[in-house]
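Side-chain atoms are counted along with the backbone in the values below, which use heavy atoms only and exclude waters and symmetry mates. From a predicted model like this one, the values you see are computed outputs, not experimental measurements.
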Amino acid sequence: MSAEHSSSAKTAKDAFELEKRDATVVDVDRNDITATPSSVDLSDKDSNDKEVELDKNGKPIVKPEPKISYLQLYRFASPFDYFCVFLGTICAFVNGVGQPLVALLMGDVINSISNLGYTGDGPGAAEANAKLIEEMRILVIKFTVVGAIMFFVAYGQMCLFTLSAENQTKRIREKYLHAILRQDITWHDIGKKSESLNSRLSADTQLIFDGLADKVGICLSSLATFVAGFVIAFTHGWKMSLVLLTSVPLMAAAGALMAKYAGESSADGQDSYAAAGGLAEQAIGSIRTVAAFGGQKRELKKFNVVLEEAYKSGVKKSIATGLGMGSFMLIMFMSYSLAFYYGSARVKAGEMKPGDVLTVLFATIIGAFSIGNVGPNIASFGKAQAAAYTIFHTIDRVPAIDSFDPSGLKPESLQGHIVVKNVNFAYPSRPNVPILKEMNIEVKPGQTVALVGHSGSGKSTIIGLVERFYDPSTGTITIDGIEIKDFNIRHLRDNIGLVSQEPVLFNATIKQNILYGVRKDQKQPTDADIEKACRLANAHDYISKLPQGYNTMVGEKGALLSGGQKQRIAIARALIKNPTILLLDEATSALDTESERIVQAALDNAATGRSTIVIAHRLSTIMNADLIYVMDRGVVLESGTHESLMALGGTYTEFVAKQQLKTGGTDIEAPVYTAVDPDTIETSKAHIVIDEKANPEGPHTGRRMSNLLRRMSSHHSDKSATKGPTVIDIEEDKEMTLAREKKEAARKLKLQKAPISRTIRYLKPDFHICLAGVFCAIIQGGLFPGFSQIFSGAINTLTRVNELGDEFIPKANHYSLLFLILAFVGFIGFAGGMFFFLLAGERLTRHMRFLSYKAILSQEMAFFDRPENSTGALASRLATDSQQMFDMVSQVVLTTVSSMATIAVGLGFAFKASWQMTLIILAAVPVIGLGQYLELASLTGFGSKTRKAYEKSGQVAGEAIANIRTVVSLAKEDVFEARYFEVTREPHKYALHKALFASFGFAMSQAVAYWSYSIGFYGGYRLVEAKIIGWQQMFDCMFAIVFLAMSLGHITAELPKYAKGKQSAINVYELLDKVTLIDADRDGTTLKTISGSLTLEKVDFHYPTRENIQIFSGVDIKVRPSQTVALVGPSGCGKSTIIALLERWYDVDGGRALVDNYNIKDLQLNNIREHMALVGQEPVLFDMSIKDNILYGLPDSEGTLEQVEEAAKQSNIHNFVMSLPDGYNTSVGDKGSQLSGGQKQRIAIARALIRNPKVLLLDEATSALDSESEKLVQAALDKARYGRTTIVIAHRLSTIQDADLILVVKDGAIVESGRHYELVSLRGVYADLCQKQNL
């Protein structure tokens, strides 16, 4: 019976656990996705909302979250869902009333015993005993029946609510994705982080699910329990009920304060961990930049500062939680003390029956505790309402430009006559920065019109307006004389083909990617049509060389292809729908000359008969345009054909002059060292590896496979362990391999021992804390068995009121006093145990996060190339693994120790009372344990499976949301919706199964309590009947075991946490033990200064993740000090790989890489990297100010503003920075998103120059710039090259024609080397490239 009481203690603890879980788990998951906590980003602010208000510390003032009313959550419920809710509610009420019935039945037992007196051997004793046994028999039957009823209603309650919630949540998810895809681009621009939308789709809909599912049932049944409990209490003794009620507000206050403080600190801690996660994600995502600039120590330092913050919040939380749990126990035991003190007086006075004291005590406690159950659940309703507010707001928002709007004109055929008239425009996210001013442009049908101008002059904006991503502020855009706003949006976009600067491919096969271009009303293209489009885009040759041809997966964001290859697939995708209007935004910028020329020819083909708008920085690509507009800062400066503009001698002529290649003449004698060593040329030529006979396409497409390698971005194929030929792994079978690997891993994991001893070693510094914790935990464990004995004694006293006479009151007060002492002991045990273990856990977490992060940052690049080590995966492991180890230490250890104590003490008491009875009741223990376990399994088990299944759908949605512009321009919103719908079918089925099966466990757990009483009383009364024991022993024994079973339940509750913690600990230690192959901190020769000579000697190399693709075989390159060496050649021929080897991101397989004639493997890596600086093709900036980004180039980021300005002036960005309102303190945004490509590039150059390096590595450093900036940056780079060894990779030859040595790389070999004019006169590959780029 006092099982109930302990179950209430358990309920309190579970409630607290739940609260804690809600506080951490949901948030942690969301932080993994680096979403903004929704309390601040209410995502649906429309553009005209006010600025966020800041308080005096500059922190945003968090207004209370707007919510919808609870009933509005049911907006999308079907009649079936309403029916489920109705039935579920009835079940919940019945289930709730069941609990206080125990109090009533127990009271009956006591009354029977005290009425019929169970001790004397007098004449009526036998008869009385027989009568008593008869009553007991009826009672056993009552318990059994009540248990059965509970089983059915609990099943109904759990199952029906879960079913209805799952159905509604699925509907909401679909509607929300539909709404996101429907919104206009403006909405996505303003404060819409694609991550946060995707996390809303998964995490926030999960919150809504929680607000509609089983928690509703639990709340309703708790309310029923509350009402029923107090009704029973007041009908059996209203005075005593009132006295007991005094303790309820105190308990509530203790609980509320604990929740408040723990919640506040927990939120602060979560914010700090989120910040730490953000830092980590940024650093891991840009690991090459971090390594190149030796930033690992700085990143660790930043990370540590944030961890320190989180730790402080953690300590506060530990104190709050400890005191809260302690006071809770204190008040609870004090109320027992009060109950017996007051109750015994009433019994003596004859106002109450002994059994009524018990009934009132139990009923009030069960009633009061059930309210505690409502608390945490109410919180999840609040969360659901807040989450739904944002989501429903989005669902209801009708965008200004609505792609799902069926109205609008759909002319059969368009001519493609585009007129932009007096258009003014500013981006809605920056309304005060005008982009276009009174812009006028005309494109006649079939004309090719080129737009040229500096970065930021508004060229791409015009394309955005023609696609109708935005509407102009004033002015009009017409196509064939029809105002663009009058067209049906999808129809308009279906007639436009767009190829943008950074083409987006979806994670599907090449064929599927091309098919995404198909128009809605077009018949499905055949393979021949696809091939035709690819031939037009000059992609067919390399595609057919891939092992899976058109069925090759392109990877996330097309990561498995080189820039040029992606670009050509994007062109094929634009051409497949045979559009009337073609928009090319820098469509060839990512290509090398060779591919560019061919793609250019393809585009020229494609443009015939279509109205085409071309944006290009390389003027050679647009010489043949019918009309060229020269733009600057949103106005047209001049327009005309190439010839007429050249004749004008204006801005355009300047642009051309800057890009012209020199022809004729001889090389001016370069500084010392430059005479080309004839051997080099000979040996280089000797190293051509390709056998041209084997390659009918001719050498240049030779090893296109190696293209696949270009920019080994971080999502790559097989693990480097598998030797022998491997194939690019294809998604289709990936699922199966993953499943198999997972099973293997799980099997191995089971065999692995939990690394407990090692974890204990890490806890050594906190040994004293742990010891104190263990001591308190033992007290905690002994508390309930001790309580069971006092309780049993007290009840025994109550039943003997007539027999004891005057001794009754002193004896009863003696027990009240014992309860009081117990209350204080409990306070020490619970408060101490909680606090010490939480503290130890916090300290361990901090330490583990730091060590894991350090281990990740010290890995070699090949580690990050593996698919399982993608940025997201590492960042989320960093967040979750340490968190789960924290649970393992703080919760699991505490519970285990206290439960061990409970078992030891409890069994001791039970056997002392009666071994026969103990053995009978022990038979029921497995049943009780099973019930507890099933309850847990039902609440947690299926969750992970459904989550896993939904993760897949998250990827589909995430991809569509992140690349919304591409999805919209292809008018494929409904295709992605359908894909999402498809992918969610499985998990939805899973979830429905879960509702049907998991509810069984919950039902079982509810019924088991009643059935175990039946067994106990049945065994007890049979033993009494046989005169083996007396009633007193029966009670002693029963209570001891019941409490024992309860604490066993607590242990089973911690099992899932233990398993997770074990898994995480193994993960963490695996990471810590992984020896990095290229350790930047390992000792080696340090060089104070270097002369800058660089050599590759007979180098063989392949990327570790692509064993079967050889990049270099026996390549020799020698660069003398202060020489500028240019590498030219087609995409994927191995140019960037040379830089990667010199930075020692990878080690060579054969041969040597030398710096100053030292083998780079023998040098201290950080030291040698300090002498180098790298500017990559896609420069990575960090989310900090411009000044900090430039200072990143200096060791420890310590430098003066003068140095920064000097570097900025050198890289020609100073004036731009000074024109910004915050100057050098302007934040560049996530990945530099607030700046244009050219601006980012120049900041990256400044960051390289501030190092004052001896070796400068420029990988396409000016590819993102327009001619104007390019010329300036080029001048800056030329200046920067003096006295430095420079290696330049460039596709635009005009930028490298002055190099001291030009190496032509092709298919992983150096095929020509020399200076510009020498190579031109050779009439070989280089001369060919020049020919193609000359204006």
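Partners of Gln1210 by side-chain contact (heavy atoms from CB on, under 4.5 Å), not counting sequence neighbours, listed by chain and number: Glu1206, Leu1249. Leu851 meets the side-chain contact (heavy atoms from CB on, under 4.5 Å) test with Tyr762, His847, Leu1072; sequence neighbours excluded.
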Derivation and outcome, side chain to side chain contact (heavy atoms under 4.5 Å, CB included), residues Glu1205 and Glu1202: CA-CA 5 Å; Glu1205 288 182 359; Glu1202 282 68 54; 5.6 Å; no
Test log, rule side chain to side chain donor-acceptor pair (under 3.5 Å), inputs Ser1185 and Asn1225: CA-CA 5 Å; Ser1185 68; Asn1225 294 325; 4.7 Å; no
Side chain to side chain contact (heavy atoms under 4.5 Å, CB included) between Asp1079 and Leu1165, intermediate numbers included: CA-CA 7 Å; Asp1079 184 0; Leu1165 197 49; over 6 Å; no
Test side chain to side chain contact (heavy atoms under 4.5 Å, CB included) applied to Val1204 and Ile1250, step by step: CA-CA 7 Å; Val1204 172; Ile1250 200 170; 4.1 Å; yes
Pair Asn1189-Arg1247, side chain to side chain contact (heavy atoms under 4.5 Å, CB included): steps then yes or no: CA-CA 7 Å; Asn1189 265 300; Arg1247 173 174 68 192; 4.3 Å; yes
Salt bridge (charged side-chain N to carboxylate O under 4.0 Å, His left out) assessment of Asp1222 paired with Lys1187: CA-CA 11 Å; Asp1222 298 335; Lys1187 175 177 146 208; over 6 Å; no
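Note that CG of Leu1220 and CG of Asn1215 are 11.0 Å apart. Values are rounded to the nearest 0.5 Å. Atom CD of residue Glu860 and atom CZ of residue Arg1144 lie 10.0 Å apart, to the nearest 0.5 angstrom. In this structure, CG on Asp1188 lies 6.0 Å from CG on Leu1191, to the nearest 0.5 angstrom. How far CG of Leu1181 is from CD of Gln1241: 9.0 Å, rounded to the nearest 0.5 Å. A distance of 9.5 Å separates OG in Ser500 from CZ in Arg965, rounded to the nearest 0.5 Å. Separating the CG atom in Leu637 from the OG1 atom in Thr651 is a distance of 5.0 Å, to the nearest 0.5 Å.
Remark: Asp1081 engages Lys297 in a salt bridge, criterion side-chain N to carboxylate O under 4.0 Å. Asp865 and Arg288 are joined by a salt bridge, as a carboxylate oxygen and a charged side-chain nitrogen come within less than 4.0 angstrom of each other. The pair Glu1143-Arg1169 meets the salt-bridge criterion, since a charged nitrogen lies less than 4.0 angstrom from a carboxylate oxygen.
Between Thr1285 and Leu1256 the shortest side-chain heavy-atom distance does not fall below 4.5 Å. Residues Thr474 and Val423 form no side-chain contact, since every pair of their non-hydrogen atoms from C-beta on lies 4.5 Å or further apart. Side chains of His1171 and Asn1167 form a contact here, defined as non-hydrogen atoms less than 4.5 Å apart.
Taking every heavy atom of both residues into account, Asp184 and Pro399 meet most closely at N-CB, 3.6 Å. Considering every non-hydrogen atom in both Ser1227 and Asp1183, the closest pair reads OG-OD1, 3.6 Å. Scanning all heavy atoms of the two residues, the minimum distance from Asp471 to Leu465 falls at C-CD2, 4.1 Å. The minimum heavy-atom distance between Ala1173 and Ala1248, with the atom names listed, is CB-O, 3.5 Å. Of all heavy-atom pairs between Ile1245 and Ser1211, the closest is CG2-CB, 3.8 Å. Residues Met1172 and Pro1253 approach most closely at C-CB, 3.8 Å, considering heavy atoms.
Looking only at distances, a side-chain donor or acceptor of Asn424 sits under 3.5 Å from a matching main-chain atom of Glu438. Judged purely by atom type and a 3.5 angstrom limit, His188 has no side-chain atom pairing as donor or acceptor with the backbone of Ile961. Side-chain N or O atoms of Glu467 include none that pairs as donor or acceptor with a backbone N or O of Phe469 at under 3.5 Å. With hydrogens and angles disregarded, no donor-acceptor distance shorter than 3.5 Å links the side chain of Asp585 to the backbone of Ser460. Under a 3.5 Å cut-off, the side chain of Ser286 and the backbone N or O of Ala283 do not form any donor-acceptor pair. Put simply, the side chain of His454 never gets that close to the backbone of Arg633: no donor and acceptor are under 3.5 Å apart. Lys459 contributes no side-chain N or O that, together with a main-chain N or O of Val452, makes up a donor-acceptor pair within less than 3.5 Å.
Of the N and O atoms on the side chains of Ser457 and Asp632, not one donor lies less than 3.5 Å from an acceptor on the other residue.
Taking the six-membered ring for Trp and thresholds of 30 and 60 degrees, Tyr427 and Tyr470 have ring planes more than 60 degrees apart, a perpendicular arrangement.
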Show which side-chain atoms of residues 299-311 pair as donor or acceptor with protein atoms under 3.5 Å away, not counting sequence neighbours.
residue, atom, partner, partner atom, Å
Glu299, OE2, Tyr1192, OH, 2.7
Glu308, OE1, Arg846, NH1, 3.1
Glu308, OE2, Arg846, NH1, 3.2
Tyr311, OH, Arg843, NH1, 3.4

